[in-house]
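First the proteins, then the strands, lettered A, B, ... as listed; each starts at 1. Keep in mind that this is a model prediction, so the values were computed, not measured. Heavy atoms only: backbone and side chains are in, while hydrogens, waters and symmetry mates are out.
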Number of protein chains: 2
Amino acid sequence: MREDRLASPTLEDVARAAGVSRATVSRVINGIRNVDPEIQETVRQAVAAVGYVPNRAARSLVTGKTGSIALVVSGAGQFFARVFTDPFFGRVVTGISGHLRPLGVHLVLMLAEAADARAQVVDYLRQGHVDGAILVSTHAEDPLPAQLVELGPPVVLFARPAQPIRISYVDVAHSAGARLAADHLIGLGRERVATISGPLDVPASLERLSGFREAMARHGHAFVPSVEGNFTQESGERAMERLLAEHPDIDGLFAGNDLMAQGALIVAQSHGRRIPEDIAVVGFDDSSAALACRPPLTTVRHPVEDMSAEMARLLLAHIQEPGRRVTSVIFEPDLVVRQSA
Amino acid sequence: MREDRLASPTLEDVARAAGVSRATVSRVINGIRNVDPEIQETVRQAVAAVGYVPNRAARSLVTGKTGSIALVVSGAGQFFARVFTDPFFGRVVTGISGHLRPLGVHLVLMLAEAADARAQVVDYLRQGHVDGAILVSTHAEDPLPAQLVELGPPVVLFARPAQPIRISYVDVAHSAGARLAADHLIGLGRERVATISGPLDVPASLERLSGFREAMARHGHAFVPSVEGNFTQESGERAMERLLAEHPDIDGLFAGNDLMAQGALIVAQSHGRRIPEDIAVVGFDDSSAALACRPPLTTVRHPVEDMSAEMARLLLAHIQEPGRRVTSVIFEPDLVVRQSA
DNA sequence: CTGAAAGCGCTAACAA
DNA sequence: TTGTTAGCGCTTTCAG
C-alpha cells in the first residue's frame with residue numbers, strides 16, 4: 001500500500017519504519033557509538049527494508065563536506081597529451097577508484113591544460129566543491145601545484161614537485177629503478193653501455209640518470225656515454241643516431257623512458273643492429289610503447305596503481321586531519337624482463 | 001570592517017549588499033527574466049563585490065538536480081584496458097570537458113570493469129547523484145547499456161550499441177571511413193588489396209569491412225581477401241602471416257584498426273616487404289600506434305572530440321527535456337595521410 | 001542513550 | 001516586478 005515508491009526514501013521514512021527518531025537513524029548511519037545495539041539492528045533492517053540511501057546534497061549542506069575529490073590533470077603540450085596516451089592515466093584512475101569506491105568517495109575529473117582551465121580548477125577548489133585534490137602535473141613549469149598549495153585545500157601530488165613546495169607527494173625511487181636496469185645489463189654481460197636521459201630539468205630524469213651512472217660505477221664502469229632526450233620517440237631516435245655515430249660499439253642501452261627506448265630500438269635496427277643480440281635495450285615506465293616494440297621492451301615498471309591508491313589514502317588523511325604535516329611516500333619499482341634485454 | 005572573510009558569502013550577503021531580497025538575487029543569478037534591468041546590474045555588482053559563488057549542495061537539495069554528469073567507462077578485459085592505452089580516452093574527456101566547462105557542469109568519472117563496480121554505477125545513477133551519464137562501453141557483451149536504459153536516467157552512448165536498445169548514441173560513419181581508405185589505396189594504383197577486419201560481432205568492424213568491400217567493388221575489384229582479427233596487435237601479426245602465405249603478391253592493406261595495422265606492418269617488414277613501396281598500409285582510428293609505426297601510419301581518424309562534445313550536448317538535452325526521443329548523430333571521419341600509404 | 005528542534009543555502013510558490 | 005515564506009534531507013547541539 002505504499003504509494004511513494006518513486007521518490008527515494010528519506011531519513012524520516014526509515015525513522016518511521018524503525019519506530020525511532022530521525023536523529024537516531026542518522027547516528028547509526030554515521031556510525032556514532034552511543035546507540036543501543038538492539039536499536040541499531042532495528043534501524044539497519046529498516047534501512048534495508050525501505051532501500052534508503054543518504055542524500056549527498058543534504059548531507060553536504062550541513063557538514064560542509066562533499067564526499068568527493070578531484071583528480072586534476074594539469075600541464076600543457078605534448079607531455080599533457082602523453083598522460084592520456086599511456087596506460088599510465090588509466091592505471092592512476094584504477095588505483096584511485098579502487099581505494100575510493102569502498103569508501104563511497106567520488107572522483108571528479110578536471111583537465112587543466114590552459115590558463116583559463118587552471119583558473120577554473122582553482123575556483124572550483126576555492127568554492128569547496130570537492131574536499132581535496134589529487135594533482136598529476138605533467139610539466140615542470142606548471143604553476144598549479146604552487147597555486148593550490150597557497151590556496152590551502154588538501155592536495156596530494158603525483159611525483160616530486162619540480163620546485164620545492166610544501167606539498168605531500170607520492171613518487172617512485174627512480175634511482176633504484178635505474179639501478180635495476182644497470183644490474184640487469186651488467187648481468188647480461190654487456191660491457192659498453194650507454195644511456196639516453198630525459199630532460200635534465202625534470203627531477204625524475206636526473207635521478208634516473210645519476211642512479212644509472214652510480215650503479216654502473218659500482219660495477220666498475222666509470223664512463224657511461226649519455227645523450228639528453230626529451231622523452232619523445234623522435235628524441236630517442238636522434239639520440240641513438242648520435243650514440244651510434246660516436247660509439248658504434250655499444251652493446252647495451254638504458255633509456256630514460258619507453259618512448260625514447262622505442263625510438264632508439266628502431267634506429268638501431270635500421271642500422272643493422274639486432275636487438276637484443278647486438279644491443280640490449282632497457283626502457284623505463286612500462287608504457288604501451290614497451291609492448292608495441294619488436295622485440296617487446298624490458299623496462300622498469302612503477303607500481304602506479306599502488307602509488308595512486310596511496311595518493312587517495314594520503315589525501316583522505318589530510319582531509320580528515322587538516323593540520324597534518326606534509327609527507328612523501330616513495331615506492332620501489334620493478335624490472336619487467338621481456339625480449340629486448 | 002567585514003569580519004566574515006572566511007565563510008564564503010551566501011545569497012543573503014549579496015542581497016544585503018544589493019539592498020534587495022534573496023529571491024531577487026536568486027532570480028538574476030539563474031537568469032530569470034522578470035527582473036528590472038537596473039536591479040539586475042546592482043545585483044551583479046554586489047555578487048562581484050562580495051565574491052559570491054552559489055553553493056551547489058544547497059541548490060541541488062532544492063532543485064533535485066546535481067549539475068554534474070558521469071562519464072562511465074565500462075567493459076572488461078583487454079578492450080577496457082585499451083581505452084586507456086589510446087589517446088582515445090583523453091580525446092573523449094577533452095571533448096566532453098570542453099563542452100561542459102563553460103556550462104559549469106562537472107564530470108564524475110566512474111570505471112565499471114567488473115560486476116560489482118557495474119552495480120555501483122547503477123546505484124549511483126539510481127540515487128540521482130548525477131543528472132545523467134555518458135557511457136563508453138568497450139565490450140559487445142557489456143550488460144550496462146541495457147541496464148541503464150531500463151533504469152531510466154538520461155544516458156548517451158559512444159558508438160552504436162551491439163544490441164538494439166532505445167538509447168541515444170553518437171558514432172562515426174565507419175563505412176565512409178573504409179571507403180576513404182579504399183579510394184586512397186586505389187588512387188595509389190594498388191591492384192591486389194587485402195583487409196584485416198576486427199571481430200565481426202562488433203558493429204563497427206562489420207561496417208568497416210563491408211564499407212571497404214563495397215568501395216573496392218565500385219572500383220571494379222570484386223574480390224578482396226580478408227582475415228578476421230580481434231583488434232590486437234598480435235592478431236594483426238597472425239592475420240598478416242596468413243595473408244602473406246595465401247596471397248604473397250598483395251600490394252595494399254586496409255586494417256580495421258591501427259593496432260592490427262601495426263602488427264601487420266611489422267610482419268610484412270620482417271618478410272622483406274617495404275612499406276609503402278611493396279605494400280601500402282592503411283589503418284583506422286588514428287591511435288598512438290599509428291604514430292609509433294615506422295613508417296607512421298596512414299589512417300582514418302574519428303572526430304572524437306567533436307563526437308564527445310556532441311554526446312555532452314545530447315545528454316544535456318535529454319536532461320532538460322526528459323521525454324525527448326532518442327537520437328543518433330553520425331560523424332564523418334577523415335583520412336590522415338602519413339607515410340605508410 | 002534518545003528525541004526535539006534548529007538550521008545549512010538555496011529555489012519556488014504565493015502574495016503583494 | 002519584487003518580497004515573504006516554506007521547505008529540500010540531513011546533522012547536531014541541547015534537553016530529557
Integer-rounded Å distance: [N] [atom2] and [X] [atom1]:
X	N	atom1	atom2	value
K65(B)	dC10(C)	NZ	C1'	16 Å
E38(B)	dT2(D)	CD	C1'	15 Å
I39(B)	dT1(D)	CD1	C1'	8 Å

Is it the case that atom CD in Q163(B) sees more than 12 heavy atoms from other parts of the structure closer than 6.0 Å?
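No, the 6.0 Å shell around CD holds no more than 12 heavy atoms from other groups.
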
Going by atom types only, do R56(A) and H106(A) share a side-chain donor-acceptor pair under 3.5 Å?
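Distance-only check passes for R56(A) and H106(A).
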
Residues forming a ring-ring contact (aromatic ring centres under 6.0 Å, His included) with H129(B), sequence neighbours excluded:
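Only Y124(B) meet the ring-ring contact (aromatic ring centres under 6.0 Å, His included) criterion with H129(B).
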
Ring centroid separation for Y169(A) and F158(A), is it under 6.0 angstrom?
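So the answer is no for these two rings.
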
Output one letter per nucleotide in nucleotides 8-16 of chain D: B when a protein non-hydrogen atom lies under 4.0 Å from the base, S when only the sugar-phosphate is that close, - when neither is.
BBBBBB---

Give me the atom names and distance for the closest heavy-atom approach of S74(A) to L135(A).
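In terms of heavy atoms, the two residues are closest at CB-CD1, 3.8 Å.
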
